[in-house]
Novice: 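Let me give you the structure first, and then I'll get to my questions.
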Amino acid sequence: MRWTMLRKALLSLALAAACLGSAHAEPIENPIAVFSGLDKVTGRIISFDVYIGETVQFGALRVTPRTCQTQPPTEEPNTMVFAEVDEITLDSRIRRIFTGWMFAASPGLNAVEHAVYDVWLKDCALSSSVAPPADFQADEFATDPMGLIERPPGWRALPPTRPIPRQP
């Protein structure tokens, strides 16, 4: 009786260790982040696609995703983006108001909440109806999605922005 219980306990422990030690698939890097933005003055919600490394302007906010990751179909769904959001102040200065991870499953966790605008991640995508920026290179994205290897001189300077068109 004692040996049976001990065997069951050891078997349970071995199964638990195997589950903890199992390899997890690497996240999938996507070239496009899909955001939603709320204009609190008009009450309109707008969805917009942004290529990784591209900066778009939504109202007084500039949104720049640095990486957008999804889990493979074999894993539990988890979509996240590392993004930087800057505010253009009334005196035309640019002030960083957010740098960090946003999660599509928990939009309230790390959404950008501004006095007039809110921005949150909806999804990551492999393609878009929006044309990529002229300097976007898919092969460069695939080899260095987070820009960790080496950035060109002046990479912190804000690139020209693509304004989000107003929807009727």
Side-chain angles (χ1 to χ4, degrees), residues 20 22-40 44-89 92-165:
L20 290 176
S22 65
H24 291 284
E26 290 294 316
I28 299 168
E29 296 286 340
N30 297 277
I32 301 159
V34 181
F35 292 96
S36 281
L38 168 65
D39 182 334
K40 295 178 185 177
R44 292 186 181 188
I45 296 176
I46 297 173
S47 180
F48 53 96
D49 298 351
V50 187
Y51 284 84
I52 300 303
E54 179 188 26
T55 300
V56 298
Q57 187 166 336
F58 172 66
L61 302 181
R62 289 185 174 184
V63 181
T64 309
R66 296 297 177 191
T67 184
C68 198
Q69 301 176 349
T70 54
Q71 293 296 329
T74 58
E75 299 287 323
E76 187 174 327
N78 190 14
T79 302
M80 56 195 159
V81 68
F82 187 85
E84 300 167 346
V85 180
D86 299 317
E87 173 190 32
I88 303 170
T89 62
S92 298
R93 292 181 186 226
I94 297 173
R95 181 174 64 109
R96 176 76 34 96
I97 62 170
F98 180 84
T99 300
W101 290 96
M102 293 181 187
F103 303 93
S106 303
L109 183 63
N110 281 355
V112 175
E113 296 179 7
H114 180 264
V116 180
Y117 305 100
D118 287 350
V119 175
W120 63 93
L121 176 67
K122 279 180 53 178
D123 203 359
C124 294
L126 295 172
S127 63
S128 172
S129 60
V130 176
D135 60 345
F136 184 79
Q137 297 178 2
D139 57 338
E140 181 179 311
F141 169 79
T143 58
D144 187 24
M146 293 182 65
L148 298 176
I149 295 174
E150 184 176 333
R151 297 191 189 259
W155 70 271
R156 286 209 177 266
L158 286 172
T161 60
R162 173 175 55 87
I164 303 300

Novice: Work out which heavy atom in Met102 is nearest to a heavy atom in Val112; give both atom names and the distance.
Specialist: CE-CG2, 3.4 Å
Novice: Taking all atoms of both residues into account, what is the closest heavy-atom pair of Tyr51 and Ser128, and its distance?
Specialist: OH-CB, 4.0 Å
Novice: Working to the nearest 0.5 angstrom, can you tell me the gap between Arg44 CZ and Asp39 CG?
Specialist: 8.5 Å
Novice: Tell me if a side-chain donor or acceptor on Gln57 pairs with a main-chain N or O of Gly59 at a distance below 3.5 Å.
Specialist: yes
Novice: When the ring planes of Trp101 and Phe82 are compared, do they come out parallel, tilted or perpendicular, using 30° and 60° as the limits?
Specialist: perpendicular
Novice: Contact between Glu26 and Gln69 at the side-chain level, heavy atoms closer than 4.5 Å - yes or no?
Specialist: no
Novice: Taking all non-hydrogen atoms of both residues into account, name the closest pair between Ile28 and Pro72 and its distance.
Specialist: CD1-CA, 3.8 Å
Novice: Within this structure, what is the CZ-CD distance for the pair Phe98 and Glu84, rounded to the nearest 0.5 Å?
Specialist: 10.0 Å
Novice: Out of Arg93, Arg96, Arg62, which one pairs with Asp86 under the side chain to side chain donor-acceptor pair (under 3.5 Å) rule?
Specialist: Arg96
Novice: Search all heavy atoms of Ala125 against all heavy atoms of Pro31 and return the closest pair with its distance.
Specialist: O-CD, 3.4 Å
Novice: Work out which heavy atom in Ser47 is nearest to a heavy atom in Lys122; give both atom names and the distance.
Specialist: OG-NZ, 3.4 Å
Novice: Quick one, Phe103 and Thr79 - any side-chain contact, counting heavy atoms below 4.5 Å?
Specialist: no
Novice: From Cys124 SG over to Gln71 CD, what is the distance, rounded to the nearest 0.5 angstrom?
Specialist: 10.5 Å
Novice: Which one of Asp123, Val119, Asp49, Ile46 satisfies the side chain to side chain contact (heavy atoms under 4.5 Å, CB included) criterion with Phe35?
Specialist: Val119
Novice: Is there side-chain contact between Trp120 and Ile45, with at least one heavy-atom pair below 4.5 Å?
Specialist: yes
Novice: Write down the atom of His114, the atom of Ile97, and the distance for their closest heavy-atom approach.
Specialist: CD2-CD1, 4.2 Å
Novice: Going by the side chain to side chain contact (heavy atoms under 4.5 Å, CB included) test, name the single residue among Ile52, Val34, Ile32 that passes it with Pro65.
Specialist: Ile52
